[in-house]
There are 4 protein chains.
Amino acid sequence: MTASMESMESPISITRRETAGQPPLTAELHRLYDGMERGLLVPLWTEIGDLMPVSPVSAARPHRWSWTALMAMARQAGRLVPVGRGGERRALALANPGLGGRPFATPTLWAAVQYLNAGEHAPVHRHTQNAFRFVVEGEGVWTVVNGDPVAMRRGDFLPQAGWNWHGHLNLSEAPMAWIDGLDIPFSYQIESTFFEYGPDSVDAQETPDRSRSERLWGHPGLQPVTQVAPTASSPLLAYRWEVTDRALDEQLRLEDEGHPVTLAPGHAAVRYVDPSTGGDVLSTVRAEFHRLRPDTATPARRAVGSSVYQVFEGTASVTVGDARWDVERGDLFVVPSWQALTVTTGEGVDLFTYSDAPIFERLGRFRSETAGGAER
Amino acid sequence: MTASMESMESPISITRRETAGQPPLTAELHRLYDGMERGLLVPLWTEIGDLMPVSPVSAARPHRWSWTALMAMARQAGRLVPVGRGGERRALALANPGLGGRPFATPTLWAAVQYLNAGEHAPVHRHTQNAFRFVVEGEGVWTVVNGDPVAMRRGDFLPQAGWNWHGHLNLSEAPMAWIDGLDIPFSYQIESTFFEYGPDSVDAQETPDRSRSERLWGHPGLQPVTQVAPTASSPLLAYRWEVTDRALDEQLRLEDEGHPVTLAPGHAAVRYVDPSTGGDVLSTVRAEFHRLRPDTATPARRAVGSSVYQVFEGTASVTVGDARWDVERGDLFVVPSWQALTVTTGEGVDLFTYSDAPIFERLGRFRSETAGGAER
Amino acid sequence: MTASMESMESPISITRRETAGQPPLTAELHRLYDGMERGLLVPLWTEIGDLMPVSPVSAARPHRWSWTALMAMARQAGRLVPVGRGGERRALALANPGLGGRPFATPTLWAAVQYLNAGEHAPVHRHTQNAFRFVVEGEGVWTVVNGDPVAMRRGDFLPQAGWNWHGHLNLSEAPMAWIDGLDIPFSYQIESTFFEYGPDSVDAQETPDRSRSERLWGHPGLQPVTQVAPTASSPLLAYRWEVTDRALDEQLRLEDEGHPVTLAPGHAAVRYVDPSTGGDVLSTVRAEFHRLRPDTATPARRAVGSSVYQVFEGTASVTVGDARWDVERGDLFVVPSWQALTVTTGEGVDLFTYSDAPIFERLGRFRSETAGGAER
Amino acid sequence: MTASMESMESPISITRRETAGQPPLTAELHRLYDGMERGLLVPLWTEIGDLMPVSPVSAARPHRWSWTALMAMARQAGRLVPVGRGGERRALALANPGLGGRPFATPTLWAAVQYLNAGEHAPVHRHTQNAFRFVVEGEGVWTVVNGDPVAMRRGDFLPQAGWNWHGHLNLSEAPMAWIDGLDIPFSYQIESTFFEYGPDSVDAQETPDRSRSERLWGHPGLQPVTQVAPTASSPLLAYRWEVTDRALDEQLRLEDEGHPVTLAPGHAAVRYVDPSTGGDVLSTVRAEFHRLRPDTATPARRAVGSSVYQVFEGTASVTVGDARWDVERGDLFVVPSWQALTVTTGEGVDLFTYSDAPIFERLGRFRSETAGGAER
């Protein structure tokens with residue numbers, strides 16, 4: 001599967017078509033194109049339509065994965081595939097049908113279900129890819145980050161910025177699954193990945209209810225005045241469900257009281273941020289949680305870059321470009337670049353989502369557009 | 001050629017090998033893998049070696065293109081292929097032999113020779129991709145940027161930040177060629193490209209010696225106190241050879257006088273920057289000019305991200321990873337991510353180079369390493 | 001009292017002393033000095049010792065104000081002086097004995113006790129000076145900030161960034177007092193103050209337990225994804241005692257568990273920050289809360305800039321420069337620029353403090369020094 | 001003169017007036033005020049009019065100093081007062097008549113004429129105050145900054161950021177004078193000054209035409225790619241007249257050609273910036289050069305903060321607040337905070353100016369207003 005990316009010579013092939021804007025394909029021109037191919041050259045004029053479209057054309061396709069089906073596969077893998085050094089993680093990645101068979105949910109984002117049986121360890125390692133975990137159901141697993149054990153429970157968001165040591169262990173009596181989000185496809189394409197092995201098993205028999213990071217950083221508006229140098233990534237390792245739920249609930253109550261604090265009527269939304277900067281929780285990944293009231297419809301919105309959504313609770317009817325699905329708890333779907341998304345609720349829905357927006361914002365390339373009121 | 005990127009379903013295929021860290025390929029496991037493929041899922045444990053290597057493994061290969069050969073092709077194209085709306089530019093792009101036959105010099109960078117006959121116009125357009133031109137020989141072409149005509153002459157560097165209108169016209173009696181550098185492959189992979197047509201021909205019969213941008217911004221340490229809002233990109237549209245040459249020359253003279261201002265003994269280097277910020281001239285592209293004295297050898301250095309070099313004057317012996325070439329005026333070569341580069345001179349060399357380093361720096365991913373003294 | 005600052009001509013007087021580095025005071029030199037005075041000129045050479053000392057020499061003096069004495073005065077003022085338009089606030093400001101009789105706690109900082117009787121209103125106004133309130137005892141007052149009522153209770157810190165409308169009302173049956181901290185002296189010296197009157201009384205008969213700002217922004221690591229433009233100052237208007245207390249307590253527990261998260265052994269400290277940036281809560285004022293265990297002594301530390309401390313609970317023995325006091329609940333003291341502070345506890349102490357450090361940091365002028373380990 | 005700032009107790013005195021908004025001065029209230037004075041307390045309500053005016057009321061007064069008169073004094077000082085260790089500099093500072101007889105041109109800015117006889121040295125020292133020199137006439141002096149000799153000639157602007165070693169020497173056959181601008185009053189008020197002696201004389205017998213800093217950094221849009229860490233202040237130590245003159249001339253020519261690049265019709269202006277950041281050349285001082293065509297009048301403009309102007313060439317009629325003067329070559333005048341400035345030319349004028357604007361911008365306090373079109 002990885003052959004095309006291995007370091008073997010690929011034959012160069014120039015698109016030869018007599019379409020508008022192209023010169024007639026004379027014998028002389030064919031000879032020039034043959035020579036260019038041998039010389040490892042390709043004309044702009046034959047490829048410009050593909051390379052420089054009027055607006056983003058995504059290779060990725062809108063797609064939905066059913067949580068029930070995913071969990072069935074994950075459970076089977078739990079039975080058949082051990083977790084250990086080398087394979088590292090029992091993770092099943094979403095493979096977008098437009099992306100060449102690779103385990104890429106979108107051209108930049110990885111999304112996988114990870115599954116850990118009772119008593120299992122996922123060995124310690126670190127990598128430059130940014131990661132996070134989000135828990136749609138279950139509990140009992142601890143991620144140990146640089147020695148700090150962090151419990152994982154339904155609704156929790158757990159960022160894992162690049163180059164921090166981490167392993168997982170399941171201290172409960174039952175298997176547990178969650179989703180892993182990373183920037184693996186992006187890091188892979190730009191060829192910037194480092195990886196290092198740590199201990200084979202996780203050394204944490206203490207499993208406190210709250211991680212040290214939360215005890216130190218989980219106080220709104222307060223920072224420790226320590227002599228410690230600032231870190232490159234969020235010092236807060238768990239964003240607990242109780243907090244997220246309360247923040248969303250308050251937005252909707254404030255709306256009820258007449259204050260325009262929601263993203264749109266009936267639509268509350270919070271962004272996970274690094275408390276030491278107020279910026280996105282990871283340098284390449286934006287993560288948010290959205291709550292829509294019953295009988296709410298979002299206007300069509302499209303943005304540069306791609307995103308992944310998971311239904312946390314409730315149901316909704318969703319359109320992405322030309323696709324349309326009904327989604328329910330645990331279902332995942334992807335929104336390719338510049339394809340319009342709408343969400344319509346019956347009984348209301350809670351949605352977790354992440355995207356690659358910080359990449360575009362940091363490079364001055366972000367654009368978005370909402371029906372009935374453009375933003376950039 | 002673009003078929004694989006078109007929006008058709010790609011079959012998912014899981015790598016099935018019984019190597020270290022992999023579970024035995026039992027019939028049951030084969031059935032699980034079959035099911036996963038149908039469900040658009042791929043395991044991490046079978047792909048991790050490819051996706052998360054210990055250090056960057058580039059699909060791109062070190063390669064050199066001879067200027068003589070490039071120019072021969074460009075001249076033929078000048079004879080056979082008209083320039084006009086649709087094809088937009090008579091540009092021949094370097095196609096790295098490791099990148100699937102696509103016109104990508106590296107996974108992020110585009111490098112092309114553009115060629116314009118006497119009297120020709122290249123029509124006006126704009127795009128979100130960042131671009132620049134660098135002139136290794138010749139003169140007579142004017143790039144008109146948002147109505148400001150900018151002459152192009154040997155040694156000049158001309159940035160063209162995204163979403164500015166621009167066209168070219170050749171007012172001389174002879175053809176002229178130069179290189180175009182862009183972030184087309186990167187923009188393509190992250191699917192963030194917008195493009196818009198302007199007038200079919202360039203409206204500039206005035207061709208002053210210096211552009212308005214230079215007259216307003218080309219004064220070291222001074223900025224106009226205008227009411228104009230700051231722009232997103234460098235307001236200076238031409239970095240002239242005389243200035244670059246003098247800056248390099250001064251570095252070497254200062255070194256002769258005992259001041260350690262060069263990058264390394266015998267190795268002067270300047271970076272092109274946006275005078276309004278002091279930062280890289282383009283948000284995704286770093287551009288520099290290096291001058292090595294005769295009989296100078298650079299220590300092996302490798303960096304995350306890729307770069308393209310063009311010999312401006314002189315000759316050198318170059319190694320990139322396992323490749324080794326003698327290069328001379330006009331020759332272009334590419335350095336893939338994390339492959340070590342050395343340059344050794346006989347009579348000295350002047351090198352123009354550009355890279356994708358700002359992408360990595362802005363996202364907190366840059367690393368580099370120099371033999372005999374690590375940097376990060 | 002303000003005569004010297006009124007816009008009348010001050011006679012110029014040159015210091016005439018025959019000290020080291022000074023020329024002999026000949027008749028001719030006296031005549032030159034006389035001429036310079038008439039011409040509104042002063043030599044550097046006669047004043048340099050005062051103007052450019054080797055390290056900061058503060059005009060301010062270390063001083064302590066007893067809370068008991070302050071409150072006695074405040075109560076008397078509550079009986080004799082009405083609150084209303086014109087006088088605006090019943091506030092008694094600390095006047096440092098070294099600062100010319102002006103109501104300046106330090107050359108940059110204002111510190112005052114404000115006192116509001118049951119049923120009173122302090123009229124609405126706004127000003128460019130940054131302000132905050134800190135409550136050492138009592139409750140029952142609401143500050144209404146741009147229409148958002150914010151309750152004030154013991155231990156709460158309430159920032160009031162410049163140019164926001166605000167008024168106070170006492171809805172309880174008893175008087176209430178608190179301290180106001182502002183950058184009035186700094187703003188006065190640099191002559192940057194604007195002031196505007198709002199309504200004469202505060203229109204807020206609803207007094208919810210939590211302000212809208214807390215409901216929207218008081219969730220650690222979460223930000224509302226609203227369309228609202230970012231504000232210039234902290235969107236969080238109340239930092240509640242429960243949160244501060246818990247954060248300090250956790251630091252000391254983590255220390256007990258072996259993690260070096262405190263500022264120094266036995267010394268926990270948190271800084272109040274703007275959750276939208278992670279930076280200081282006000283652009284000119286840093287505010288922190290420190291907790292020292294029993295039998296703890298801080299090393300002598302001095303810093304550029306001045307600070308004010310208030311004992312929130314407990315007692316301590318304090319030295320500032322050559323001064324030494326025992327302090328108890330409510331007592332206030334000032335630390336002038338570059339004078340060393342030590343705090344020694346018997347039964348432990350909780351200290352609120354604020355300083356002008358952001359001014360120096362933003363202008364590249366901050367320095368500090370701790371005995372037994374310099375920082376800058 | 002410095003008595004009031006020495007660390008002796010100042011008596012506290014409360015303003016006792018029965019004006020609007022003040023309580024009746026009963027015997028009881030007098031007793032309260034007496035007690036407050038003894039307790040080092042001052043009411044806000046008696047002082048608020050002075051401390052918190054509706055808009056900035058400057059203690060400084062508009063004033064002009066005639067260059068002829070200044071130079072006469074400077075020459076006399078050159079005859080009577082030696083330059084050496086202790087007095088450090090033969091500098092005559094402008095003393096604003098509203099600022100208590102102190103050598104402060106404005107509440108934040110120092111402006112002085114410095115005078116050095118042929119063959120004299122001004123000893124090496126460094127201080128945290130930011131400084132610059134501007135030369136209205138003459139040449140022959142070299143400022144040696146951290147060992148780099150920098151020639152000073154008519155029209156040159158030479159920044160001297162805080163904490164860099166510097167001394168001056170006059171290698172010519174004639175005396176030379178120039179103006180020194182510093183933030184001494186601001187640094188003094190905020191009590192942040194450090195000072196250190198270096199060698200008693202300047203060790204630079206080489207006096208090249210261009211400093212090393214110019215040879216390394218004086219190339220528009222180019223930066224050296226050295227391993228040297230970034231410095232806190234502008235690496236460019238001389239901004240030469242030829243460059244400034246050309247930049248202004250080009251702005252006016254571009255205006256003639258129909259391009260709206262000037263600050264206002266007939267009014268060209270450049271700001272001196274740090275080429276490594278594009279920001280103000282000093283963290284506390286903004287410096288600019290303005291050129292007005294003949295028969296040009298600027299609209300009234302007022303800004304928070306103060307500024308000093310020096311006529312470089314030509315004449316003008318100037319109003320500042322209620323003052324009005326005709327000014328000519330070398331004359332200096334000050335503009336206090338929030339007082340409106342207009343300049344009207346007959347034959348045109350070249351003006352050098354500096355202000356404290358970066359202080360206000362960095363602290364979020366800047367405002368300005370131009371008649372016929374407000375800015376903030």
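Note on naming: letters A, B, ... go to the chains in the order of the sequence lines (proteins, then strands), and numbering restarts at 1 for each one.
Looking only at side-chain heavy atoms (C-beta outward), D:M73 and C:L32 come within less than 4.5 Å of each other. Counting heavy atoms from C-beta outward, D:T193 and C:P53 have side chains that approach closer than 4.5 Å. C:N96 is not listed as a side-chain neighbour of D:L40, based on a closest heavy-atom distance of 4.5 Å or more.
The contact between D:L363 and chain C is made by backbone and side chain atoms together, counting heavy-atom distances below 4.5 Å. Of the two parts of D:A69, neither the backbone nor the side chain holds a non-hydrogen atom closer than 4.5 Å to a non-hydrogen atom of chain C. The contact between D:F186 and chain C is made entirely by side chain atoms (from C-beta outward), counting heavy-atom distances below 4.5 Å. Using a 4.5 Å cut-off between heavy atoms, D:Q114 does not touch chain C at all. Using a 4.5 Å cut-off between heavy atoms, C:N130 contacts chain D through both its backbone and its side chain. Using a 4.5 Å cut-off between heavy atoms, D:V57 touches chain C through its backbone atoms (N, CA, C, O) alone. In this structure, the portion of D:P82 lying under 4.5 Å from any heavy atom of chain C is its side chain and not its backbone. Heavy-atom distances place the side chain of D:D183, and not its backbone, under 4.5 Å from chain C. Interface residue C:L41: backbone and side-chain heavy atoms are both found under 4.5 Å from chain D. With a threshold of 4.5 angstrom between heavy atoms, D:E196 does not approach chain C through any atom at all. Heavy atoms of D:R89 lying under 4.5 Å from chain C belong to its backbone as well as its side chain. The parts of D:A77 that come within reach of chain C are both its backbone and its side chain, each placing non-hydrogen atoms under 4.5 angstrom from that chain. Contacts between D:A112 and chain C at a heavy-atom distance below 4.5 Å are absent for every atom of the residue. Heavy-atom distances place no part of D:Y115 under 4.5 Å from chain C, backbone and side chain included. Heavy atoms of D:T108 lying under 4.5 Å from chain C belong exclusively to its side chain.
For the pair C:M52 and D:Q129, the tightest heavy-atom approach, listed with the atom from each and the gap, is CE-OE1, 3.6 Å. Closest non-hydrogen pair, D:I12 versus C:A95, comes out as CD1-CB, 3.6 Å.
Without hydrogens or angle criteria, D:S283 side chain to C:G364 main chain gives no donor-acceptor distance under 3.5 Å. Side chain of D:E191 to main chain of C:A59: a donor-acceptor pair is present (N/O by atom type, distance under 3.5 Å, no hydrogens or angles).
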>> Does D:D50 form a side-chain contact (heavy atoms from CB on, under 4.5 Å) with C:R102? I'd like the steps, not just the answer.
In response: CA-CA 11 Å; D:D50 171 45; C:R102 316 229 48 183; 2.7 Å; yes
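Counting only N and O atoms by type, the side chains of D:S187 and C:R365 include a donor and acceptor under 3.5 Å apart.
If you take OH on D:Y188 and CD on C:E47, they are separated by 9.5 Å, rounding to the nearest 0.5 Å. The OG atom of C:S58 lies 12.0 Å from the CD1 atom of D:I190; values are rounded to the nearest 0.5 Å. Annotation: the span from D:L51 atom CG to C:W110 atom CH2 amounts to 5.5 Å, rounded to 0.5 Å. The CH2 atom of D:W45 lies 7.5 Å from the CZ atom of C:R90; values are rounded to the nearest 0.5 Å. To the nearest 0.5 Å, the span separating CG on D:L29 from CZ on C:R79 amounts to 10.5 Å. Expressed to the nearest 0.5 Å, how far OG of D:S192 lies from CH2 of C:W338 amounts to 11.0 Å.
Across C:S337, C:A91, C:P23, the residue that shares the most heavy-atom pairs under 4.5 angstrom with chain D is C:A91. Across C:G49, C:G35, C:P336, C:P358, the residue that shares the most heavy-atom pairs under 4.5 angstrom with chain D is C:G35. Across C:F360, C:F195, C:Y197, C:F194, the residue that shares the most heavy-atom pairs under 4.5 angstrom with chain D is C:F194. Of the listed residues (C:V113, C:I359, C:T128), the greatest number of heavy-atom pairs within a distance under 4.5 Å of chain D belongs to C:T128. Put simply, of C:L92, C:V304, C:L94, C:V54, the one with the most heavy-atom pairs under 4.5 Å next to chain D is C:V54. Between chain C and the options D:D180, D:T284, D:V83, D:V81, heavy-atom pairs under 4.5 Å are most frequent for D:V81. In terms of heavy-atom pairs under 4.5 Å with chain C, the best-connected choice from D:P24, D:G86, D:P56, D:G87 is D:P56. If you tally non-hydrogen atom pairs under 4.5 Å between each of C:Q76, C:E37, C:Q22 and chain D, the highest count goes to C:Q76.
Taking the centre and axis of the six-membered ring of D:W65, the NZ or CZ atom of C:R38 falls outside the cone set by 45° and 6.0 Å.
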